[in-house]
Student: 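Dropping a structure here in structure tokens format, bear with me for questions.
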Amino acid sequence: MNTRLRPPKITLIGAGSAVFTRNLLGDILSYPELANCEIALHDIDEKRLHLAEMVAHRIAATVGASPTITASLDRKRALEGARYVINTIQVGGYRPATVIDFEIPKKFGLEQTIADTLGIGGIMRALRTIPVMLDMVRDMENYAPGALHINYANPMAMITWALNQSSQSIQTVGLCHSVQHTANELAQDLKIPVEEIDFHCAGINHMSFYLRFEHKGESLYPKLRQVIAEGRVPDWNQVRYTMFEKLGYFVTESSEHFAEYVPWFIKKGRQDLLTKLNIPLDEYPGRCEIFEKAWPYIERELEVPGSQDSSALLRELQDAHIPVMARSIREAPQMIDGLRSFGRSVEYGSAIIHSIETDTPRVINGNVLNHQLIDNLPQGCAVEVPCLVDHNGVQPTRIGKLPVHLAALMRTNVNVQELVVEALLKQKREHVYHAAMLDPHTAAVLDIEQIYAMVDELLIAHRPYLPEFLHS
């Protein structure tokens with residue numbers, strides 16, 4: 001094996017997201033070749049950082065690894081000498097930022113489901129997040145030159161585009177689990193083991209499509225059509241199956257996400273659509289409320305394993321009557337129960353590091369810049385494609401031309417992404433308004449004057465988290 005002589009330093013930015021940090025570290029440290037690596041944890045919340053450090057030591061002991069573990073509130077210190085940087089930050093948090101992203105548009109009659117990728121919520125999240133990440137990339141250039149930046153934060157496409165366009169020496173690869181999760185969900189619908197399914201998937205983040213979805217060389221698309229014909233479509237997945245019927249290809253992002261990327265599903269006065277397709281408005285704030293109630297349980301469970309009763313959490317959530325999808329409540333106890341055992345997650349981050357360090361070839365789906373990868377999407381935009389990973393790093397593979405109707409749909413989202421990136425990198429405030437005007441969902445609900453007034457109000461409300469050129 002071509003393992004490097006010095007164990008790598010892996011820095012986690014936003015390590016205070018203790019549950020995700022736990023899963024990432026479990027994945028990383030369970031590889032014998034990475035068991036002696038250096039783990040540097042960084043967060044701006046001292047209490048959560050301390051909890052993450054405690055969890056890191058416990059995970060290392062559980063998997064029999066002997067890493068060097070450090071924790072620091074000083075980002076530059078945490079980055080110094082890092083070979084890999086994993087980023088999971090959220091700027092502004094649920095309160096106040098996410099609440100603002102939902103409540104102000106709602107005043108204008110614009111409803112959302114998740115609001116972290118596109119739409120007015122995705123635009124505002126990008127305006128808060130990308131400037132902070134650009135500062136981080138500058139720090140990487142100075143303190144971790146040549147490091148691979150692995151980003152998990154949303155809005156994925158805008159972040160990937162802006163950061164890679166801004167730095168020639170730090171490669172940012174965006175990772176999402178929607179490709180893996182959707183494959184698993186469809187495998188359950190088809191009652192086929194997911195490990196037996198072969199697929200080829202490409203597009204943009206949260207709007208990639210399975211160009212090929214097969215079992216033992218046979219396309220599974222006819223069997224998915226049979227799921228529809230037999231009335232077996234899961235209630236929570238109606239939007240995506242509807243799009244599959246219309247487009248002939250299955251999209252990777254969840255129905256509640258996808259519903260707000262297009263102009264057809266969330267419309268004023270159309271409660272019938274919301275009911276028929278089970279579209280959950282305000283789903284993300286509801287999930288944030290679930291996490292707020294679950295966090296004390298999680299914190300105590302991380303501090304004292306086995307101390308918390310997940311059924312008590314479930315009862316508390318049921319009594320709270322939080323307006324979310326039923327499965328969001330049903331799956332909540334797993335936030336506690338999942339902390340009591342360790343199994344490798346479907347996240348690609350650890351596999352990328354292992355492949356580069358050991359020259360073990362793997363294929364992952366990653367977000368990168370479109371340099372001659374997809375012919376009928378704009379060159380230089382952010383695309384999600386299969387990437388080969390080995391000691392040469394993350395190497396995107398060429399797709400060629402997408403089916404023309406899929407590329408046309410993606411371009412409606414790419415237009416918004418491009419305007420937000422241009423607004424930030426060239427400090428052109430007017431492009432924020434242009435992005436909102438061209439957003440498919442926003443434009444389907446509001447007129448131009450409403451859009452301008454809404455953006456004005458959002459920029460004022462988010463001012464503490466925005467760069468100065470957006471303050472005026």
Side-chain angles (χ1 to χ4, degrees), residues 117-118 148 150-151 154-165 171-184 186 194 197-215 217-221 224 240 243-244 246-254 257-258 261-262 346-349 351-352 355-356 361-390 392-418 421:
T117 297
L118 205 76
L148 176 64
I150 298 172
N151 174 54
N154 281 318
M156 179 67 67
M158 298 186 212
I159 291 171
T160 301
W161 192 338
L163 269 53
N164 281 305
Q165 188 168 311
Q171 179 189 15
T172 295
V173 175
L175 296 184
C176 178
H177 46 232
S178 62
V179 173
Q180 309 97 291
H181 282 184
T182 298
N184 186 64
L186 294 181
V194 68
I197 292 178
D198 180 40
F199 60 79
H200 189 56
C201 189
I204 61 174
N205 181 242
H206 288 187
M207 199 181 276
S208 283
F209 288 84
Y210 294 105
L211 306 176
R212 179 168 49 81
F213 197 73
E214 298 176 341
H215 181 237
E218 179 183 353
S219 175
L220 288 171
Y221 276 166
L224 286 177
R240 284 198 292 180
M243 293 307 301
F244 172 58
K246 306 304 182 187
L247 299 177
Y249 295 86
F250 209 96
V251 72
T252 54
E253 192 43 72
S254 67
H257 273 268
F258 190 84
Y261 304 157
V262 294
V346 298
E347 304 294 346
Y348 288 133
I352 289 174
S355 285
I356 295 174
R362 285 187 177 88
V363 175
I364 61 100
N365 284 73
N367 289 269
V368 296
L369 293 190
N370 185 26
H371 294 313
Q372 309 300 323
L373 300 175
I374 298 180
D375 293 337
N376 48 350
L377 290 181
Q379 293 301 303
C381 77
V383 293
E384 188 170 81
V385 297
C387 301
L388 172 65
V389 190
D390 58 20
N392 292 311
V394 179
Q395 305 147 78
T397 61
R398 176 170 163 76
I399 299 299
K401 189 175 181 180
L402 291 171
V404 63
H405 59 304
L406 301 186
L409 179 60
M410 293 174 201
R411 287 196 296 267
T412 66
N413 283 215
V414 172
N415 292 338
V416 179
Q417 297 161 4
E418 180 177 23
V421 171

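These numbers come from a predicted model, not from an experiment. The figures here come from the full heavy-atom set of this structure, side chains too, leaving out hydrogens, waters and symmetry mates. All residue numbers refer to positions in the sequence shown, counting from 1.
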Student: Heavy atoms only: give me the nearest Leu175-Gly366 pair and the separation to one decimal.
Tutor: CD2-CA, 4.4 Å

Student: With no hydrogens and no angle check, is any side-chain donor or acceptor of Thr412 less than 3.5 Å from a backbone partner on Leu409?
Tutor: yes

Student: Thr182 and Arg240: side-chain contact (heavy atoms from CB on, under 4.5 Å), yes or no, with the steps?
Tutor: CA-CA 10 Å; Thr182 298; Arg240 284 198 292 180; 2.8 Å; yes

Student: Any idea which heavy atoms bring Cys387 and Val394 closest together, and the distance?
Tutor: CB-CG1, 3.7 Å

Student: Compare every heavy atom of Glu253 with every heavy atom of Tyr261, then report the nearest pair and how far apart it is.
Tutor: OH-CG, 4.0 Å

Student: I'd like to know if the side chain of Glu384 pairs up with that of Asn205 as donor and acceptor (distance under 3.5 Å, no hydrogens or angles considered).
Tutor: yes

Student: Quick check against the 3.5 Å criterion: does Asn376 have a side-chain atom that pairs as donor or acceptor with the backbone of Leu402?
Tutor: yes

Student: Heavy atoms, side chains only, cut-off 4.5 Å: are Ile356 and Val389 in contact?
Tutor: yes

Student: Are Arg398 and Val385 close enough, and set up right, to give a side-chain contact (heavy atoms from CB on, under 4.5 Å), and what steps lead you there?
Tutor: CA-CA 8 Å; Arg398 176 170 163 76; Val385 297; over 6 Å; no

Student: Between Asn367 (side chain only) and Met156 (backbone N and O only), is there a donor and an acceptor less than 3.5 Å apart?
Tutor: no

Student: In Å and rounded to the nearest 0.5 Å, what is the CZ to OG1 distance from Phe209 to Thr252?
Tutor: 8.0 Å

Student: What heavy-atom pair brings Pro386 and Thr397 nearest, and what distance separates the two atoms?
Tutor: O-OG1, 2.7 Å

Student: Just verifying a value: how many Å separate Thr160 OG1 and Gln171 CD, rounded to the nearest 0.5 Å?
Tutor: 10.5 Å

Student: Please test Ile352 against Arg362 for side-chain contact (heavy atoms from CB on, under 4.5 Å), starting from the C-alpha separation and ending with a verdict.
Tutor: CA-CA 8 Å; Ile352 289 174; Arg362 285 187 177 88; over 6 Å; no

Student: Would Gln395 and Asp390 count as having a side-chain donor-acceptor pair, cut-off 3.5 Å?
Tutor: yes

Student: Measure the spacing between CG of Leu377 and CD1 of Ile399 and express it to the nearest 0.5 Å.
Tutor: 10.5 Å

Student: side-chain contact (heavy atoms from CB on, under 4.5 Å) between Met410 and Ile374: does it pass, once the steps are laid out?
Tutor: CA-CA 12 Å; Met410 293 174 201; Ile374 298 180; 5.9 Å; no

Student: Determine whether Pro361 and Leu388 make a side-chain contact, defined as any pair of heavy atoms from C-beta on separated by less than 4.5 Å.
Tutor: yes

Student: Using every non-hydrogen atom in the two residues, find where Ser178 and His206 come nearest and quote the distance to one decimal.
Tutor: OG-CD2, 4.3 Å

Student: With rounding to the nearest 0.5 Å, note down the distance linking CE in Met243 to OH in Tyr249.
Tutor: 13.5 Å

Student: Got a sec, which residues hit side-chain hydrogen bond (donor to acceptor under 3.5 Å, both in side chains) with His181, two or more places apart in sequence or on another chain?
Tutor: none

Student: First locate atom CG of Asn154, then atom CD1 of Ile159, and finally report the distance between them rounded to the nearest 0.5 Å.
Tutor: 6.5 Å

Student: Measuring centre to centre across the rings, with the benzene-like ring taken for any Trp, is Tyr210 within less than 6.0 Å of Phe199?
Tutor: yes

Student: So, Asn370 side chain and Pro378 main chain: donor-acceptor pair closer than 3.5 Å or not?
Tutor: yes

Student: Kindly say whether Leu247 contributes a backbone atom to a donor-acceptor pair with the side chain of His405 at under 3.5 angstrom?
Tutor: yes

Student: Quick check: does any side chain N or O of Gln379 sit under 3.5 Å from a backbone N or O of Gln372, one acting as donor and the other as acceptor?
Tutor: yes

Student: With a 6.0 Å cut-off on ring centres, are Phe244 and Tyr221 close enough?
Tutor: yes

Student: So how far is it from Leu406 CG to Ser208 OG, rounded to the nearest 0.5 Å?
Tutor: 10.5 Å

Student: Check for a donor-acceptor pair, side chain of Asn365 on one end and backbone N or O of Val179 on the other, with a separation under 3.5 Å.
Tutor: no

Student: How far apart are the closest heavy atoms of Ala202 and Leu211, and which atoms are they?
Tutor: CB-CD1, 4.2 Å

